[in-house]
Amino acid sequence: MSVIAETEAPAGVTTLTERTTLPLARAINEGLRAAMADDDRVILMGEDIGPLGGVFRVTDKLQADFGSARVLDTPLAEAGIVGSAIGLAMNGYRPVLEIQFDGFIFPAFNQIVTQLAKITSRHDGTLSMPIVIRVPYGGHIGAVEHHQESPEAYFAHTPGLRVVAPSTPNDAYWMIQQAIASPDPVLFFEPKAKYWQKGEVDPSAPSAPLHATRVAREGTDVTVVGHGAMVTTLLQAAEVAQSEGVSLEVVDLRSVSPIDYEPLLASVRKTGRVVVAQEAQGGASVGGEIAAHIGEHAFYSLQAPVLRVSGYDVPFPPAKLEGVYLPDADRVLEAVDRTMHY
Amino acid sequence: MTEQFIPPAPQADGDPEPVRFLDDAGAYAPSATAAEFAQELDAATEDDLRQWYRDMVMTRAFDTECTHLQRQGQLALWVPSVGQEGCQVGLARAAEPQDHIFPAYREHLVAHVRGVNLLDVAAQFRGLTHGGWDVTDPAHGNFHLYTLVLGAQTQHATGYALSQVLDAKRRAGSTSLDAGEPAIETGDATMVFYGDGTTSQGDANESLIFAASYQTPEVFVVQNNRWAISVPVTRQSRTPLYRRALGFGMRSVQIDGNDPLAAFAVGRRFLREARTGGGPGYIEALTYRIGAHTTSDDPTRYREAGELEEWQLRDPIARFEGYLRSLGVEDAFFEETRAWATAEARTIRDGILTLPEPEADSMFAHVYSEPHPRIEEQREWLARYESSFAETDGERA
């Protein structure tokens, strides 16, 4: 095994040092830049991530700054990207992979679930797999088939993987760095609907640990919980509910594997009512897992059954129907009404 | 419409004869294609050749014991390598200590040569572990774990070989790895093993693309043993498999896989060229699986007896014995080797039967490198659950 010494950032590479307002995509770019400057074992791999900077420009200018030996524009082969990254990680590198769109992760599914997830346990802990797989995911962008899916439950179901999804630029900036620093494989789901959403990024200190649940808005009547782009929808719903005299507590999961349940259960104990919302199909989903967990651990605090709001159990529909398929604030509020009147 | 019969490699028109130094009886009779590799054999002394023979006989004895143990219910499954020792010993002995080797699941001899205890290989098939040896321990010769998902290891090997390129780039102070660059000197190489059936897998093909694209210092070894479980190689390919690599722009050679000299010579050349900037290479070793694919398989259902007998005449161990005898090695060496191998295999057999069962707690131990609350909860729950039985037993006593 090679010993790779950490080195200084290449000359001319500057990283974020002051509070700045950035779109989420740019925040990830700055997070990647900081991680690469900090540790030259960090390399990026993916399709079109070099001169193009990725379809969403998340890797914009990184190849120019760090060179083509650290930002690898790969052949168009998802299994090859993940499988090769495993070999690189075996020799001490920390690959950060970009899968171009959610629906294109499946050619790499075998390498992720039968290999990447199991390598550390198969090697009795002597090999770690510090690999991050970035997946632009979810709807709201009116795209064509396989470009709007939310496949996180497949990976949350797989032992050995960690699965996270930031919802704000500041979290995106910090969580990508925390994911890269983690010795475990992390599926990093980026809500592409929020790539252009701006927010303040504070490079002085992380907002929370990678897997911490965050209370995004305090409330007293109903806990509404979700991750990724859904958090914005929940905040919108909370605004509307407030005007109608109902107080929603918005909980941003940030991590769907593992889930940091304590803040969520504390919220449930306070409100007694829960609505779980997600873009993904409802069957065998993250939302179902959360509902079950709350039922097991906070049963006596519940005033009503845990309700789920999700995509329907159909393939993601053609884009002209995405407004019907994806839960919006109205559908969240409909569930809030049901739980309030149970 | 009846299926057109395409003759299997190596008889396809226009292909060079496979590289071969020994005839079926073991006499030194190089093929025309062997000439360019003959110099590589200078690196092997007679002592080395005797060691290769010991490697082969020992692995076969071990392999035979494991098949018996499976039949007795002591192993859940066994994957025999009988018949394929020739290419395995030559290629294993061609590698340098700094090289990395990624096996499929039939490379018992390679494991042995690289320093892995065969007891650890058997432990996986006894259901005690998913791995069994520490690949990060230099004593295990950079020999990676067996992989049961076909072709997955080809990608890992290519990634590892890519890391060797990146390491060399860093040593040279270079930050570029641009499309179309020639291969560079790395000083170490990676060798990956798979079978003819695996050549049908997408991963095996993607690994060739990545290897060619990044000019990795890598040697792909396809042990074409003619059968992917019950499916013949003619169902996998209409052309000899070595030709596929030519399409990726790779050096590619077909060898007689039951000739250890051919495997050593071509393996040594390809590995050296990989280390010194020659890029990836591909070796198709024509061999034959004498036994079943695994102990769950019954080859009598799909193979003609005549085919088996024909290949038994080319047994790599018998052939190599013939060669060693032609060099003047006496009877005593062969007798001693066989006796030693039988004793070693018995020792391993006894070792297998006394291997400790894993602790229940161990299944939680390394799922993640960092603590994971769900795993910790379940580990603690199981401990409490199991201890509750201990208390009950105590009360009863």
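Every chain is numbered from 1, with letters handed out A, B, ... down the list of sequences.
- Interface remark: Ala365(B) contributes no atoms to any contact with chain A (heavy atom separation under 4.5 Å).
- Ranked by non-hydrogen atom pairs under 4.5 Å with chain B, the options Pro95(A), Ala117(A), Pro107(A), Ala77(A) are led by Ala77(A).
- Neither the backbone nor the side chain of Glu262(A) has a heavy atom closer than 4.5 Å to any heavy atom of chain B.
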- [ ] Quick one: do Asp167(B) and Asn91(A) satisfy side chain to side chain donor-acceptor pair (under 3.5 Å)? Show the steps, please.
- [x] CA-CA 9 Å; Asp167(B) 282 355; Asn91(A) 197 22; 3.0 Å; yes
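- Using a 4.5 Å cut-off between heavy atoms, Ser255(A) makes no contact with chain B at all.
- When heavy atoms are compared at a cutoff of 4.5 Å, Asp203(B) approaches chain A solely by way of its side chain, counted from C-beta outward.
- The candidate with the highest count of non-hydrogen atom pairs below 4.5 Å against chain A, out of Thr158(B), Thr216(B), Ile375(B), Asp134(B), is Asp134(B).
- What you find for Pro51(A) and Asp73(A) is that their closest heavy atoms are CD-OD2, 3.2 Å.
- With hydrogens and angles left out, the side-chain atoms of Gln278(A) and Ser285(A) include a donor and acceptor closer than 3.5 Å.
- Listed options His211(A), Gln111(A), Met129(A) were ranked by heavy-atom pairs under 4.5 angstrom with chain B; first place goes to Gln111(A).
- Of the listed residues Gly67(A), Ser84(A), Pro183(A), the one with more heavy-atom pairs under 4.5 angstrom with chain B than any other is Ser84(A).
- For chain A, the option among Ser369(B), Ser213(B), Ala157(B) with the highest count of heavy-atom pairs below 4.5 Å is Ser369(B).
- Taking the ring axis of Phe270(B) as reference, the NZ or CZ atom of Arg251(B) stays within 45° of it and closer than 6.0 Å to the ring centre.
- Interface remark: Gln98(B) contributes no atoms to any contact with chain A (heavy atom separation under 4.5 Å).
- Neither the backbone nor the side chain of Tyr261(A) has a heavy atom closer than 4.5 Å to any heavy atom of chain B.
- The two residues Val42(A) and Arg70(A) make their nearest non-hydrogen contact at O-NH2, 2.8 Å.
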- [ ] Decide side chain to side chain contact (heavy atoms under 4.5 Å, CB included) for Glu98(A) and Ile81(A); before the verdict, give the C-alpha distance in whole Å, the side-chain angles of both, and the deciding distance to 0.1 Å.
- [x] CA-CA 9 Å; Glu98(A) 176 173 303; Ile81(A) 294 168; over 6 Å; no
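- Taking the six-membered ring wherever Trp is involved, the centroid distance between the rings of Phe109(A) and Tyr154(A) falls below 6.0 Å.
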Task: Steps toward side chain to side chain contact (heavy atoms under 4.5 Å, CB included) verdict (Leu72(A), Ile49(A)) - done: CA-CA 7 Å; Leu72(A) 276 62; Ile49(A) 67 167; 5.8 Å; no
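- For Phe364(B), no part sits under 4.5 Å from any heavy atom of chain A, backbone or side chain.
- Of the possible donor and acceptor atoms, none in the side chain of Thr294(B) sits under 3.5 Å from a partner among the backbone N and O of Trp78(B).
- Contact count against chain B (heavy-atom pairs under 4.5 Å) is highest for Pro75(A) among Ser128(A), Gly50(A), Pro75(A).
- Using a 4.5 Å cut-off between heavy atoms, Pro371(B) touches chain A through its backbone atoms (N, CA, C, O) alone.
- Counting heavy-atom pairs closer than 4.5 Å to chain A, the top-ranked of the candidates His130(B), His156(B), Glu206(B) is His156(B).
- Close placement of the Tyr160(B) and His144(B) rings is indicated, their centers lying within 6.0 Å of each other.
- In terms of heavy-atom pairs under 4.5 Å with chain B, the best-connected choice from Thr120(A), Asn110(A), Asp260(A), Thr114(A) is Thr120(A).
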